[in-house]
Structures are given as structure tokens and as C-alpha cells.
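Some notes on the structure that comes next.
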Amino acid sequence: MTASPAGWYPPRMPGPAPDAPAPTATPVRVRIAPSPTGDPHVGTAYIALFNRVFARHSHPDSRFVLRIEDTDRTRSTPESEAAILRALSWLGLTWDEGPDVGGPFGPYRQSERTAIYTEHAGILIERGRAYRCFCTAERLAEVRARQLAAKQTPGYDGHCRTLAPADAAARAAAGETHVVRLAMPESGNTTFVDRLRGEITIANEQVDDQVLLKSDGFPTYHLANVVDDHLMQISHVIRAEEWLSSTPKHVVLYDAFGWTAPEWIHMPLLRNLDKSKISKRKNPVSLDYYRDAGILPEVLVNFLGLMGWSFGNEREKFTLTEMEGAFSWDKISLGGPVFDLDKLAWLNSLYLRELDDSAFLARLLAWRLGPDYLARVVPLVRERIRRLDEFVAHTSFFFVGDLDYTSVKDLVPKGRSPKDTSSVLAELVDKLDEDRDARAFTKATLEPFFRSFCEASGWKTKELFMTVRLAVTGLAATPPLFETMEVCGRELTRRRLRQCAAYLKTLKAP
RNA sequence: GGCCCCAUUGUCUAGCGGUUAGGACGUUGGCCUCUCACGCCGAAAACGCGGGUUCGAAUCCCGCUGGGGUCACCA
């Protein structure tokens, strides 16, 4: 079960150009491993970009793999997976191996590889590097509460670690529910090298006996990621910095299996304006938002390439191919870059100005001014206008970006304060994200959601619906609210609700 | 809070012992111009602090401070 050092990559059909020596002697295999649990995330595109660029830069035979990490059975959805694949394709960040295109190391969807993880967890148990744990959620919560109360670092207390393996095996065989935990060394340090930061040492006592196999039989990230990266012969793990502190677990796992660990490269985290890790509450993070906002895909890729990396020569505008040619880890800076929407818009304007009229028109048509989107708007306004020339005025909110609320009347219902209105909108957006049905964002799912939201919040439907209508459209007279929201789309609607909540917060009570 | 990572203008960054600390976004003054945009010229704006090392530190080392991440049967 060891990686053969050479010849493990699929042969490239035409041989490499003899006069163009590859920047590295051997091909690399890298991967992007998104979890299909929500909207296609800008951070996923960011990491995908650097993986792909590194692969393409390194060697013509390098491979960029897309692996779906859908081991969270309660949150993973096929819709999300499809959306992620679509969004990455939109950006041109295409992959060489993946669930849709296949490849020699499939399947590329972790939910289809469960037998592999069970087998490998078994190996670890046999070797005494992992153990079965029968603790209940209640006991875990109790231990945790006690540790917190005693101001200790919360973590598993090792209760089941001392169980006799034979007894544990017998209990498992009898059908008792359990998980499998990593038996972390209780003393000593784990040291690894991060390509960008150098040597990093973490004391083993800081690392928990992480669950590797959940009671539902699915693996956690830690097990699946290590097993798959090894079996898929991944040579470099390029992932976000948030993984840095759990890398010791992975290093210990590679050691327990007797495998050679890949090279570790942790990219800095994209940030909100306040420097915290980029999040949907503070910043649009869905790639669909940027698409709907009219950001060109090549611009988003270019801009992401500016985050933490510099081309050199003070050059800011470049294509994916140019970046692949010029790439070097030496030019990475580790301060977490703030994702600045203003600069993104400026870069987009540069690209837009370079398009000729027909290319520009083609972009507009591909965006919202084409038959597809218009066809969805038409049924909503057809019977509300008298002359075609009234169309644009009645539908502007389907096409513009952020709205200006300063001249919108009655945003705050009678008897409510701006502050309360603001917080109800903020709460609404959060709930809208969490609610599985509402996430589909159709009239059929939106309406029941809103009605029950009203009941729970104590707001009358009349009050809330008008406020939301004004927040989403800026107008009091519009097509039916839920159809309007459906057509505007989740991203635009969400953005406007948040913007409106922020605006209301700045208002004084009358 | 423990541990880990990071640190140049408001933001993205160049710099890798000797620079008037450069470029870009944004802000701002002006020019161009029927308006706006573009473009052009100019301005304000940064090496977090304290110790070392060195003839000389934004650059190297240490401490502090600050920011971030992480401590799940989520990834």
C-alpha cells in the first residue's frame, strides 16, 4: 500500500516539448476537495486556483483532481455538488480527474468510498493507533461542560482508550453503536514543514483523540482526507490556513499507516473588511453572487490571483494562463488578504472596456439581459404595464445591484423602530440560509417559510412583507413578493436584505 | 483561555541590510471636455512598539502588542 515513486501519473498523449524544460522535474498531483453543503464558495475557488496554477506551472503531466467530500450525510446535497462543479467550470478552473470526468483513482465522491475508510480504520485499530469509543453524546457533553467549568481546554478525556481491544471488538460485534478515535500520542511533539512557513511544531497533548469514523459509519474529514490523498497519490496538499492546527492529526495518521506524507502548503485565509475569516454574514461569498453581479469569470480569477500572490513587475492584470507561467510560492504573502469589492469592480471595468461592442453585447446577453432571464421576468410584469415603454421602469430592480434606501418611504412599519426592523431583517436572512426548504428559493418554499417566520417573530405578515418588498425592490408596488424574490435570486435578495438591515441600523428612532 | 499562524498607507501589494519606502484600489486637487466615464498631472496616506545584531535595519534575532485561525460524530 505504498506509493510507487514514478510512473503513477497517466501518460500525457503528446510528449512534452523538448525545448521547454518543466519548472520541476516531476509532475505533481494536487486536489481541491470541496464539501457540497452550501453555495459554491469564493474560498473554494481561491484554493482551487492555486492548486491548478501550481499543477500547470510545475509540469505538463501534473494532474489537478476534484474530489467531493460529502461525508456529512445530514448537510451534503447533490444540488450543492452540482452548483460547485458549475461554478468552478464557469471560472475556467477545470480539473483533470473528478466525479464527472472520472480518472484512474476513482470514485471521486467520498460517499462512494466508505468501504475503503472502514477497512483503513480497521488497520489502525489493529495496530493500536486508533480505538473504538462507546461514549454517548450525553457523556461527551458532560465531560465538556466540566472541563469548561474548570477552565480546562475541552477535549475527549480518553475514557474508552483504555478499554481492552478484545472487549471493545466484542461490543462492536454485538452491534453497540460506537465511533473510532485516533489514539494520539500522549506526549511529545509533532513537527511538519509547511512550504510557506517552514517548520511547525505542536505538542501532542494539544491534539485531541479525533473521531475518525462516525457512528453512522462515515469517516470524518481527517480520516477520509488522509486515506484519499494517499490512494489518489496526491503529492502536495494545498489548502486553507484554517487546517494548520489539525495537520498534526494528519501527520500522525500518515505515520500510523506507514505512508509518506505529502508536502503541506497552507494558503492564507480570505478576509472580511474587519479581517475576520470571510463569511456570508459580512460579505458575499457565493460565486453565484459575483456571476449575478456581472463580474466576468476571468476577472474573478485574476482578482483571486491578486489575493496573497503577486505577479511581479507590479502587474495586476493577467490571465489564468499567464499566472500559471509566472507562478512561484516565493511570491506568496501570508497576511490574510481582505476581499475588497471596490477593487474587484475596478478590475472588472478594465476588462469590460477592452471588449468591443459585439463582445460586450454578448456578455450582457449571457448575463441578465438575455432571453433566459427576461423570460422569467416577463410573466411577472406582463399584466401590470400598459405600454412596453413602461417595462424598464417597472422591472429595474431585477437588473440593478445594490439599492439606495435613503428615499424609500415606510421601510419601517408604523409602531416599529428602525432598530427592530433592522434586526428582524438580519434574523430573517440568517434563517433563510439555514432553512433547507427556503434555500431552494422558490415561491412554493418561500411563502410557507415567511408565514411561519412571521408567527415566530411576532410580526404581522402585512408588516413584514411590505418591509421585505421595499428592501428587495425599493418599490411599494411590485409583482408578487415571493415570485419576485425567486427571480431576483437568492444571492441578490440576500445581499439587499443585509444592506437594508445595515441601512436601518444607521437610522435614529423617530 | 490553551496552542498555532501572521504583521509595509483605509485596502491589495513591491521590498528579501544601504531606496527621496515603489505600484494599484479607494479618497482628494487639477487638466481634458457639451455632461459623465476614460485618460493625464498632482496631493494626503504605511514600515505596530521595545530591545538587540550590524558601520548601517522595513528587511536578521528576541520580547511585547495587535490581528487571525483552531480547539465537533462540520469540513
Side-chain angles (χ1 to χ4, degrees), chain A residues 33-38 41 43-44 67-76 110 133-137 140-141 144 147-148 150-156 177-181 189-192 194 196-225 239-249 266-278 303-317 330-350 352-354:
Chain A
S35 177
T37 53
H41 199 277
T44 303
R67 184 175 70 223
I68 295 295
E69 308 230 332
D70 55 348
T71 55
D72 184 338
R73 286 201 298 175
T74 58
R75 293 199 306 147
S76 297
Q110 290 185 330
C133 169
F134 301 87
C135 291
T136 60
L140 259 22
R144 188 186 164 75
Q147 288 165 332
L148 253 22
K151 292 192 174 172
Q152 293 171 323
T153 309
Y156 184 63
T177 57
H178 64 282
V179 301
V180 175
R181 286 182 186 274
N189 298 314
T190 297
T191 298
F192 59 94
D194 176 272
L196 302 173
R197 282 159 260 260
E199 214 168 74
I200 293 173
T201 297
I202 295 176
N204 291 148
E205 59 181 15
Q206 291 293 329
V207 185
D208 209 4
D209 279 2
Q210 183 66 49
V211 170
L212 299 177
L213 212 55
K214 301 182 253 187
S215 56
D216 64 4
F218 276 66
T220 59
Y221 170 86
H222 305 284
L223 210 221
N225 155 71
R239 71 216 317 188
E241 188 178 353
E242 56 190 328
W243 292 108
L244 209 48
S245 56
S246 47
T247 303
K249 292 170 191 171
H266 292 91
M267 290 295 292
L269 255 18
L270 258 23
R271 310 295 183 99
N272 298 312
L273 244 34
D274 65 2
K275 293 277 189 181
S276 56
K277 175 166 92 168
I278 199 166
F303 189 66
L304 254 11
L306 251 20
M307 302 278 94
W309 185 76
S310 61
F311 195 96
N313 267 145
E314 299 188 328
R315 183 165 170 191
E316 298 198 292
K317 185 170 177 290
D330 298 342
K331 286 183 282 185
I332 295 279
S333 54
L334 293 172
V338 172
F339 195 84
D340 182 358
L341 295 174
D342 260 334
K343 188 155 181 175
L344 173 61
W346 162 78
L347 191 63
N348 205 53
S349 78
L350 246 43
L352 285 180
R353 280 200 297 273
E354 283 182 5

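It should be emphasised that the depicted structure is a prediction, and the values quoted were computed from it without experimental measurement. In what follows, every chain begins at residue 1, and chains take the letters A, B, ... in the order their sequences are listed.
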What distance, rounded to whole Å, do you find between the two [atom1] atoms, one in [N] and one in [M]?
N: B:G52; M: B:A45; atom1: C1'; result: 31 Å
N: B:C41; M: B:C32; atom1: P; result: 15 Å
N: B:G42; M: B:G1; atom1: P; result: 49 Å
N: B:G63; M: B:A46; atom1: C1'; result: 23 Å
N: B:G10; M: B:U27; atom1: C1'; result: 9 Å
N: B:U59; M: B:A14; atom1: C1'; result: 13 Å
N: B:A57; M: B:G18; atom1: C1'; result: 9 Å
N: B:C40; M: B:G26; atom1: P; result: 13 Å

Task: A:Asp72-A:Ser76 side chain donor-acceptor pair, cut-off 3.5 Å - done: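 No, because no side-chain N or O of A:Asp72 sits under 3.5 Å from a partner of the opposite role on A:Ser76.
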Open item on the list: Using heavy-atom distances to pick each residue's nearest nucleotide on RNA chain B, tell me which of A:Glu314 and A:Met307 is more 5'.
Closed with: A:Met307
- [ ] Please tell me which of A:Leu196 and A:Ala203 maps to the more 5' nucleotide of RNA chain B, matching each residue to the nucleotide holding its nearest heavy atom.
- [x]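 The residue closer to the strand's 5' end, by nearest nucleotide, is A:Ala203.
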Open item on the list: Within the 4.0 Å heavy-atom criterion, would you say A:Gly312 contacts the bases, only the backbone, or no part of the nucleic acid?
Closed with: nothing
TODO: Have a look at A:Thr247 and say if it touches a base, only the backbone sugar-phosphate, or nothing, with a 4.0 Å heavy-atom cut-off.
DONE: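 Contact class for A:Thr247: none.
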TODO: Measure up the A:Phe339 and A:Phe303 rings against each other and bin them: parallel (under 30°), tilted (30 to 60°), perpendicular (over 60°).
DONE: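 Aromatic pair A:Phe339/A:Phe303 classed perpendicular.
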- [ ] Name the closest nucleotide to the A:Ile200 side chain, picking from B:A14, B:C25, B:C5.
- [x] B:C5
[X] has an atom [atom1]; how far is it from atom [atom2] of [N], in whole Å?
X: A:Trp346; N: B:C38; atom1: CH2; atom2: P; value: 12 Å
X: A:Lys331; N: B:C12; atom1: NZ; atom2: C1'; value: 16 Å
X: A:Glu199; N: B:C5; atom1: CD; atom2: P; value: 11 Å
X: A:Gln152; N: B:G1; atom1: CD; atom2: C1'; value: 12 Å
X: A:Leu341; N: B:C12; atom1: CG; atom2: C1'; value: 13 Å
X: A:Leu334; N: B:U59; atom1: CG; atom2: P; value: 17 Å
X: A:Leu306; N: B:A14; atom1: CG; atom2: C1'; value: 12 Å
X: A:Glu205; N: B:G2; atom1: CD; atom2: P; value: 14 Å

Could you please name the partner base of [N], counting Watson-Crick and G-U wobble pairs only when both distances are under 3.5 Å?
N: B:U27; value: B:A43
N: B:C16; value: none
N: B:A37; value: none
N: B:A7; value: B:U65

Open item on the list: Would you say CG of A:Asp274 has more than 12 non-hydrogen atoms from neighbouring residues, nucleotides or ligands within 6.0 angstrom?
Closed with: yes
Open item on the list: Is it the case that atom CG in A:Leu273 sees more than 12 heavy atoms from other parts of the structure closer than 6.0 Å?
Closed with: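 Counting neighbours around CG of A:Leu273, 12 or fewer heavy atoms of other residues, nucleotides or ligands fall under 6.0 Å, so no.
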Let me check something: any side-chain donor-acceptor pairs from residues 205-213 of chain A under 3.5 Å, sequence neighbours excluded? List them with distances.
unit_1   : atom_1 : unit_2   : atom_2 : d
A:Asp208 : OD1    : A:Tyr156 : N      : 2.9
A:Asp208 : OD2    : A:Tyr156 : N      : 3.4
A:Asp209 : OD1    : A:Arg161 : NH1    : 3.3
A:Asp209 : OD1    : A:Met184 : N      : 3.1
A:Asp209 : OD2    : A:Tyr131 : OH     : 2.6
A:Asp209 : OD2    : A:Arg161 : NH1    : 3.1
A:Gln210 : OE1    : A:Lys249 : NZ     : 2.7

Open item on the list: I'd like to know if A:Glu241 and A:Arg197 make a salt bridge, using a cut-off of under 4.0 Å between side-chain N and carboxylate O.
Closed with: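 Yes.
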Open item on the list: Looking at A:Lys331 and A:Phe311, would you say the former's side chain and the latter's main chain have a donor-acceptor pair under 3.5 Å?
Closed with: yes
TODO: Start with the C-alpha gap between A:Trp346 and A:Leu350, add the side-chain angles, then the distance that decides, and say whether side chain to side chain contact (heavy atoms under 4.5 Å, CB included) holds.
DONE: CA-CA 7 Å; A:Trp346 162 78; A:Leu350 246 43; 3.6 Å; yes
TODO: Produce a footprint string for nucleotides 65-75 of chain B: one letter per nucleotide, 5' end first; B if the base is under 4.0 Å from any protein heavy atom, S if only the sugar-phosphate is, - if neither.
DONE: --SSSSSSBBB
- [ ] Flag the pair A:Met267 / A:Glu242 as yes when at least one side-chain heavy-atom distance between them is below 4.5 Å, and no otherwise.
- [x]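 Side chain of A:Met267 against side chain of A:Glu242, heavy atoms only: no contact under 4.5 Å found.
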